[in-house]
> 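Pasting a structure below so you can have a look.
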Amino acid sequence: MNDEPLLIIFARALHAGQVKTRLIPAFGADGALQIYRQLLWQTFAAAEAFPGEVQLWLDKPDAQLQQEAAARGWSSFLQEGEDLGERMAGALSQGLCHASRVLLIGSDCLLLDRPYFEQALDALGHTPVVFGASEDGGYVLLGSSRAAFWSSGRFRGVRFGGPHALQDSRACFAPEQTGVLAPLWDVDEPGDVARARSSGLLPSVTFS
């Protein structure tokens, strides 16, 4: 077992119309893709400060993203499972085969940074599962230090993508088995894009 922690980034392949779909009515498929690309690149920048190994897990093969990962010294894998819960459980289970602490993030939160990662890793010294909450009721980070927890059915029945995701996910464990970090916010809706731009976290882009 490696004492060095592991950060897993879950990402989607860069295909217009298949990423940030809730932004498409406001920005179009190409605009939503450009925003997603910005979010992903900033997630990569935050991950480069992680105090351990980093892996990129894609929903589909994407040569550009796999090359970006390789240039940073990261390994790439494909997500496996019928739904998000199975895919996350599988990635955590595999990661915990060789790392004692694993964090998993998406690519929608512009506020993730090394101090937040370190808070999550510290929390895993006290509880086997940690969630980084998001303001909308979901979560921006999931961490664990116990491989035995991650059966494929662990998150069965969780309502992902809505205001119940964190509550439902925590209910899959005993109360004393989970900890929750202070909430951040992520970019899912057009209003989140405006918030990110007004905060200087997301550059404005003119979409053709």
> Quick one: closest heavy-atom pair of Thr43 and Cys109, and the distance?
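Minimum heavy-atom separation between Thr43 and Cys109: OG1-O, 4.5 Å.
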> Hey, could you give me the CG/CG distance between Leu23 and Leu33, rounded to the nearest 0.5 Å?
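Going from CG on Leu23 over to CG on Leu33, the span is 11.0 Å.
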> When you look at CZ of Arg156, are more than 12 heavy atoms from neighbouring residues, nucleotides or ligands closer to it than 6.0 Å?
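Atom CZ in Arg156 is not packed in, count stays at 12 or less.
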> Output side-chain donor-acceptor pairs under 3.5 Å for residues 131-140, partner residues at least two apart or in another chain, one line each.
unit_1	atom_1	unit_2	atom_2	d
Ser134	OG	Asp136	OD1	2.5
Ser134	OG	Gly138	N	3.2
Ser134	OG	Gly138	O	3.1
Ser134	OG	Tyr139	N	3.4
Glu135	OE1	Arg195	NH1	3.0
Asp136	OD1	Gly138	N	3.0
Tyr139	OH	Ser169	OG	2.8

> For a 4.5 angstrom cut-off between non-hydrogen side-chain atoms, does Glu48 reach Trp74?
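The answer is yes, as the side chains (C-beta and beyond) meet within the 4.5 Å cut-off.
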> Is Arg12 salt-bridged to Asp62, going by a charged N under 4.0 Å from an acidic O?
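No, no charged N to carboxylate O under 4.0 Å.
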> Closest approach of Gln177 and Thr127, non-hydrogen atoms and distance?
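Looking at all heavy atoms of both residues, the shortest contact is O-OG1, 2.9 Å.
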> Shortest non-hydrogen contact from Pro5 to Leu121?
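In terms of heavy atoms, the two residues are closest at CB-CD2, 3.7 Å.
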> Measure the spacing between CG of Leu14 and CG of Leu65 and express it to the nearest 0.5 Å.
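If I round to the nearest 0.5 Å, the distance is 4.0 Å.
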> Atom CZ in Phe77, atom CZ in Phe10: separation rounded to 0.5 Å?
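With rounding to 0.5 Å, CZ (Phe77) is 11.5 Å from CZ (Phe10).
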> Calculate, to the nearest 0.5 Å, the distance between atoms OG and CZ belonging to Ser151 and Phe149 respectively.
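Here the interatomic distance stands at 10.5 Å.
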> Take Lys20 and Asp188 through the test side chain to side chain contact (heavy atoms under 4.5 Å, CB included) and record every step on the way to the result.
CA-CA 7 Å; Lys20 307 309 296 177; Asp188 290 319; 3.3 Å; yes
> So, does Arg154 use its side chain to make a donor-acceptor pair with the main chain of Cys172 at under 3.5 Å?
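Yes.
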> So, for Pro190 and Ala26, which heavy atoms are closest and what is the spacing to 0.1 Å?
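Between these two residues, the closest heavy atoms are CG-CB, 3.7 Å.
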> For the residue pair Gly161 and Ala165, what are the closest heavy atoms and their distance?
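Answer, listing the atom of Gly161 first, then Ala165: N-CB, 4.5 Å.
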> When you look at CD of Glu82, are more than 12 heavy atoms from neighbouring residues, nucleotides or ligands closer to it than 6.0 Å?
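At most 12 heavy atoms, drawn from other residues, nucleotides or ligands, come within 6.0 Å of this atom.
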> Within the structure provided, determine whether Val129 and Leu142 are in side-chain contact (heavy-atom separation under 4.5 Å).
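Result yes, sub-4.5 Å side-chain heavy-atom pair found.
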> Within the 4.5 Å heavy-atom criterion, are Glu68 and Leu40 side-chain neighbours or not?
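No, side chains not in contact.
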> Using modelled atom types only, decide if a donor and an acceptor are shared between the side chain of Tyr116 and the backbone of Ala182 within a distance under 3.5 Å.
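Yes; at least one donor-acceptor contact below 3.5 Å.
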> Starting at CZ of Phe173, measure out to CZ of Arg146 and round the result to the nearest 0.5 Å.
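Between atom CZ of Phe173 and atom CZ of Arg146 there are 10.5 Å.
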> So, for Ala47 and Leu7, which heavy atoms are closest and what is the spacing to 0.1 Å?
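That closest heavy-atom pairing would be CB-CD2, 3.7 Å.
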> Answer whether the closest heavy-atom distance between the side chains of Val130 and Leu141 falls below 4.5 Å.
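They are in contact (side-chain heavy atoms under 4.5 Å apart), so the answer is yes.
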> Whether the side chain of Gln79 engages the backbone of Trp57 through a donor-acceptor N/O pair (distance < 3.5 Å, no angle test) should be reported.
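Here the side-chain-to-backbone pair exists.
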> Using atom types as modelled and distance alone, determine if a side-chain donor or acceptor of Asp113 lies under 3.5 Å from a backbone N or O of Ala46.
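Side chain of Asp113 to backbone of Ala46, a donor-acceptor pair under 3.5 Å: no, none is there.
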> With side chain to side chain contact (heavy atoms under 4.5 Å, CB included) as the test, would you mind laying out the steps for Glu189 and Asp192 before giving the verdict?
CA-CA 5 Å; Glu189 304 285 350; Asp192 302 322; 3.6 Å; yes
> Whether the side chain of Glu53 engages the backbone of Glu4 through a donor-acceptor N/O pair (distance < 3.5 Å, no angle test) should be reported.
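The answer is no, because no donor-acceptor pair under 3.5 Å joins these two groups.
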> How far does CH2 of Trp185 sit from CG of Leu201, to the nearest 0.5 angstrom?
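One finds 5.5 Å between CH2 of Trp185 and CG of Leu201.
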> Where the side chain of Ser144 meets the backbone of Pro128, is there a donor-acceptor pair that is under 3.5 Å apart?
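Present.
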> Side chains of Gln42 and Leu202: closer than 4.5 Å at any heavy-atom pair?
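Result yes, sub-4.5 Å side-chain heavy-atom pair found.
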> Taking the side chain as every heavy atom from C-beta outward, state whether Ile9 and Phe44 have any atom pair closer than 4.5 Å.
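Of all side-chain heavy-atom pairs linking Phe44 with Ile9, at least one is under 4.5 Å.
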> Is Val180 close to Arg170 at the side-chain level, that is, under 4.5 Å between some pair of heavy atoms?
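When only atoms from C-beta onward are counted, Val180 and Arg170 do touch, with a gap below 4.5 Å.
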> Examine distances only and state if a side-chain atom of Asp186 and a backbone atom of Asp108 form a donor-acceptor pair shorter than 3.5 Å.
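Not a single qualifying donor-acceptor pair exists.
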> In the single-linkage hydrophobic clustering (I, L, V, M, F, W, Y; side-chain heavy atoms under 4.5 Å), do Leu39 and Ile24 co-cluster?
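The answer is no; the residues belong to distinct hydrophobic clusters.
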> Take Asp83 and Phe155 through the side chain to side chain contact (heavy atoms under 4.5 Å, CB included) test and state the conclusion after the steps.
CA-CA 9 Å; Asp83 55 31; Phe155 283 140; over 6 Å; no
> Please report the C-alpha distance between His98 and Leu6 in whole Å, then the side-chain angles of each, then the deciding distance to 0.1 Å, and finally whether the side chain to side chain contact (heavy atoms under 4.5 Å, CB included) criterion is met.
CA-CA 9 Å; His98 71 274; Leu6 168 65; 4.2 Å; yes
> Is there a side-chain contact between Gln94 and Gln55, using heavy atoms and a 4.5 Å cut-off?
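Contact flag for Gln94/Gln55 side chains = no.
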